[in-house]
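This is a predicted model, so every value here is computed, not measured.
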Amino acid sequence: MPGLETSLGARRCLTFATGLVECLCFAGAVFGWASLVFVLKQEGYFSSLCVNATGVNSTQVLDCSRQDEQFSLVFTIASFMNNFLTLPNGFLFDRFGTTVARLFGIFLYTTGTLMVAFSTSVLPSLLFPALSLLAVGGILFLMTNMQVGNLFGSRRSTIITLYNGAFDSSSALFLVIKLLYESGVSLRASFLFLSACSGVHLLRTFFLLPRNFIPYPLPDRYTYGLTCSKSETVSSEVAANGNAQTAIEEAPLNKDVPVKQVKSFRECLLSRFFAWHLLWLSVMQLRHYLFIGTLNPMLQRLTAGESSLVSQYTNAFAITQLCGVLCAPWNGLIMDRHKGKPRPAGESEQEADLRASVLSLFLTALQCLLFSVCASTPYLPLQYLTFILQVLNRSFLYGGNAAFISVAFPSCHFGKLYGFILALSAVFSLLQYPCFALVKGPLNGDPLYVNVSLTLLTLLAFIHPLSIYLHCRRVSSQRAKSKAISASSQSL
């Protein structure tokens with residue numbers, strides 16, 4: 001039925017496009033924190049913590065280091081909650097499906113935007129729960145959208161990384177709010193508008209996404225959404241079993257092997273793949289979180305407090321974040337480059353996917369090393385290159401994280417594993433606040449030693465691609481030996 005196929009194709013494209021807009025404009029806004037801090041400082045948030053101090057030549061200067069510490073603490077808690085609460089959110093998603101998870105995410109996100117809207121310099125403590133709610137609600141938007149990749153078969157990893165890139169680029173939302181603020185639009189008006197956008201999220205939840213899950217591989221004429229009529233296949237199954245659509249939607253996202261071969265959740269957690277992938281993600285994520293959380297005081301130091309220069313570099317950083325959505329698909333293309341090509345005899349699809357992931361994992365670690373070296377160099381013009389490397393690496397990092405989990409582990413555990421690995425990496429990311437306190441205290445504002453230490457720490461990320469490469473080579477060697485033994489026994 002050409003008409004039905006055309007309708008389904010149009011719906012899938014609309015689902016993809018609206019999901020991209022949702023991730024691009026809302027999901028990762030909290031990571032544009034540096035732009036929002038500039039506005040909050042103008043509004044006088046935590047300004048009571050600034051004190052007069054004696055500078056060089058006995059001049060009086062305003063010391064706002066305690067104000068910076070509070071802003072850093074807000075972001076530290078929000079980034080921790082963003083990752084740590086992904087674990088229960090993953091269980092929620094796997095257990096109750098897309099609709100329930102998204103309704104919960106919309107509630108959290110709307111509450112967060114309203115809290116920021118009604119916070120003031122007199123009540124700045126509202127920022128702590130508000131930013132955390134924005135972060136957790138945003139990651140639920142991303143988590144429920146990544147399954148859209150299942151609608152596009154061989155481009156599945158590309159779609160997943162594209163959505164993660166859009167998540168990174170959405171940090172530019174706070175730049176837009178900063179520019180509107182400088183044009184006379186109040187902070188409250190901007191966040192009230194974001195609250196009103198929740199109506200659009202609700203419409204998309206009910207009309208353009210399934211109640212449970214999008215299966216993989218995709219059944220013929222698969223339908224979803226409230227207004228969809230059942231396909232012939234589904235209708236016949238409904239006649240025999242009144243819950244066929246639910247059965248289809250609740251199928252694992254990537255069930256390419258028999259059920260008896262699927263690893264348990266516990267086996268996945270205790271695997272070497274999971275351990276090295278956790279280390280790979282954690283060390284690079286800590287480097288990014290510390291950079292974002294301390295960007296404003298770093299620019300204050302490098303510009304000697306020149307407000308116009310701080311604003312210029314803050315805007316440049318936020319604008320580069322928009323490029324995340326352009327960078328991320330390249331990582332997906334790297335991971336999907338083998339799709340449609342003949343595989344060596346005896347090689348499974350998962351083995352081919354793992355082999356393709358080695359280059360992606362290695363390039364991501366290399367980018368982070370270069371980014372960390374540039375960020376550690378106290379030369380202001382070089383920070384433009386730092387911003388470019390940061391957004392490139394961040395888009396590769398989170399897109400590659402989701403894509404690797406989807407190919408290395410059974411997809412029936414995707415939500416739980418995705419949440420678990422982000423939760424554990426969140427615990428590691430809490431080190432950013434003691435690092436910031438160390439710089440502000442004993443190191444007297446000089447972050448050189450901390451930056452060098454973090455740069456050395458990122459070298460640990462290279463262990464993961466090396467481990468996957470050695471695994472693939474070992475499996476290939478075992479397969480070749482098995483073939484040789486089989487051929488020799490047949491000849492006898």
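- Between Leu36 and Lys178 there is no side-chain heavy-atom pair separated by less than 4.5 Å.
- Relative ring orientation between His288 and Phe371 is described as parallel, the plane-to-plane angle staying below 30° on a 0-90° scale split at 30° and 60°.
- Side-chain N or O atoms of Ser169 include none that pairs as donor or acceptor with a backbone N or O of Ala166 at under 3.5 Å.
- Using a distance-only test at 3.5 Å, with no hydrogens or angles considered, a donor-acceptor pair links the side chain of Gln147 to the main chain of Thr144.
- Side-chain atoms of Ser170 come within 3.5 Å of backbone N or O of Gly28 as a donor-acceptor pair.
- Taking the six-membered ring where tryptophan is involved, the planes of Phe174 and Phe191 are tilted, since the angle between them lies from 30° to 60°.
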How far apart are the C-alpha atoms of Arg102 and Thr205, what are their side-chain angles, what is the distance that settles it, and do they pass the side-chain hydrogen bond (donor to acceptor under 3.5 Å, both in side chains) test?
CA-CA 7 Å; Arg102 283 184 60 83; Thr205 299; 2.8 Å; yes

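- Listed for the Gln383 side chain is no donor-acceptor partner under 3.5 Å among the backbone atoms of Leu380.
- The list of salt bridge (charged side-chain N to carboxylate O under 4.0 Å, His left out) pairs with a residue in residues 293-311, not counting sequence neighbours, is empty.
- For the pair Ile334 and Phe396, the minimum side-chain heavy-atom distance is below 4.5 Å.
- By the 6.0 Å contact criterion, CZ on Arg66 is open, its count of non-hydrogen atoms from other residues, nucleotides or ligands being 12 or less.
- For the pair Phe96/Phe104, no side-chain contact is recorded, criterion being any heavy-atom separation below 4.5 Å from C-beta on.
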Kindly indicate, with the supporting measurements, whether the criterion side-chain contact (heavy atoms from CB on, under 4.5 Å) is fulfilled by Met298 and Leu295.
CA-CA 5 Å; Met298 182 194 78; Leu295 179 61; 3.6 Å; yes

For Arg287 and Thr458, what are the C-alpha separation, side-chain angles and deciding distance, and is it a side-chain hydrogen bond (donor to acceptor under 3.5 Å, both in side chains)?
CA-CA 8 Å; Arg287 188 67 189 99; Thr458 59; over 6 Å; no

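- From Ile405, atom CD1 reaches atom CZ of Phe420 across 12.0 Å, with rounding to the nearest 0.5 Å.
- A side-chain N or O of Gln285 and one of Tyr398 form a donor-acceptor pair less than 3.5 Å apart.
- Using a 4.5 Å cut-off on side-chain heavy atoms (C-beta onward), Val116 and Leu131 make contact.
- The CG atom of Leu286 lies 10.0 Å from the OG atom of Ser372; values are rounded to the nearest 0.5 Å.
- Around the CZ atom of Phe273, the shell of radius 6.0 Å holds more than 12 heavy atoms that belong to other residues, nucleotides or ligands.
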Leu179 vs Val185, test: side-chain contact (heavy atoms from CB on, under 4.5 Å). Steps then yes/no.
CA-CA 9 Å; Leu179 296 176; Val185 179; over 6 Å; no

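- Between the side chain of Thr110 and the backbone N or O of Ile106, at least one donor-acceptor pair lies under 3.5 Å.
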Pair Gln432, Ser79 - check side-chain hydrogen bond (donor to acceptor under 3.5 Å, both in side chains), show working.
CA-CA 10 Å; Gln432 64 182 296; Ser79 57; 3.1 Å; yes

List the steps and the verdict of side-chain contact (heavy atoms from CB on, under 4.5 Å) for Leu162 and Phe16.
CA-CA 10 Å; Leu162 180 62; Phe16 163 72; 3.5 Å; yes

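- Under the ring pair (Phe, Tyr, Trp, His ring centres under 6.0 Å) rule, Tyr384 has a single partner from Tyr379, Tyr313, Phe317, which is Tyr313.
- Side-chain atoms of Asn82 never come within 3.5 Å of backbone atoms of Ala78 as a donor-acceptor pair (strictly under, hydrogens ignored).
- Of all non-hydrogen atoms in Ser171 and Asp168, the two that sit nearest each other are OG-O, 2.8 Å.
- Judged by the 6.0 Å distance and 45° axis criteria, Arg11 is not positioned over the aromatic ring of Phe207.
- Side-chain N or O atoms of Ser282 include none that pairs as donor or acceptor with a backbone N or O of Leu279 at under 3.5 Å.
- Residue pairs satisfying the disulfide bond (SG atoms under 2.5 Å apart) criterion with at least one member in residues 60-110, sequence neighbours excluded, are listed as follows: Cys50-Cys64.
- Residues Tyr289 and Asn83 have side chains that bring a donor and an acceptor to within less than 3.5 angstrom of each other.
- Ring centroids of His201 and Phe26 are separated by less than 6.0 Å, placing the two rings close together.
- A donor-acceptor contact closer than 3.5 angstrom links the side chains of Thr15 and Tyr224.
- A donor-acceptor pair under 3.5 Å is formed between the side chain of Ser357 and the backbone N or O of Leu354.
- Using bins of under 30°, 30° to 60° and over 60° for the plane-to-plane angle, the ring pair Phe141/Tyr109 lands in the tilted bin.
- No side-chain donor from either of Asn331 and Thr161 sits under 3.5 Å from a side-chain acceptor of the other.
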Would you sort out whether Tyr418 and Asn401 count as a side-chain contact (heavy atoms from CB on, under 4.5 Å), showing the intermediate values?
CA-CA 8 Å; Tyr418 183 75; Asn401 170 51; 3.6 Å; yes

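- Using modelled atom types and a 3.5 Å distance limit, the side chains of Thr18 and Arg204 yield a donor-acceptor pair.
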I would like to know whether Tyr181 and Glu43 meet side-chain hydrogen bond (donor to acceptor under 3.5 Å, both in side chains); could you show each step before the answer?
CA-CA 10 Å; Tyr181 177 82; Glu43 287 284 296; 2.6 Å; yes

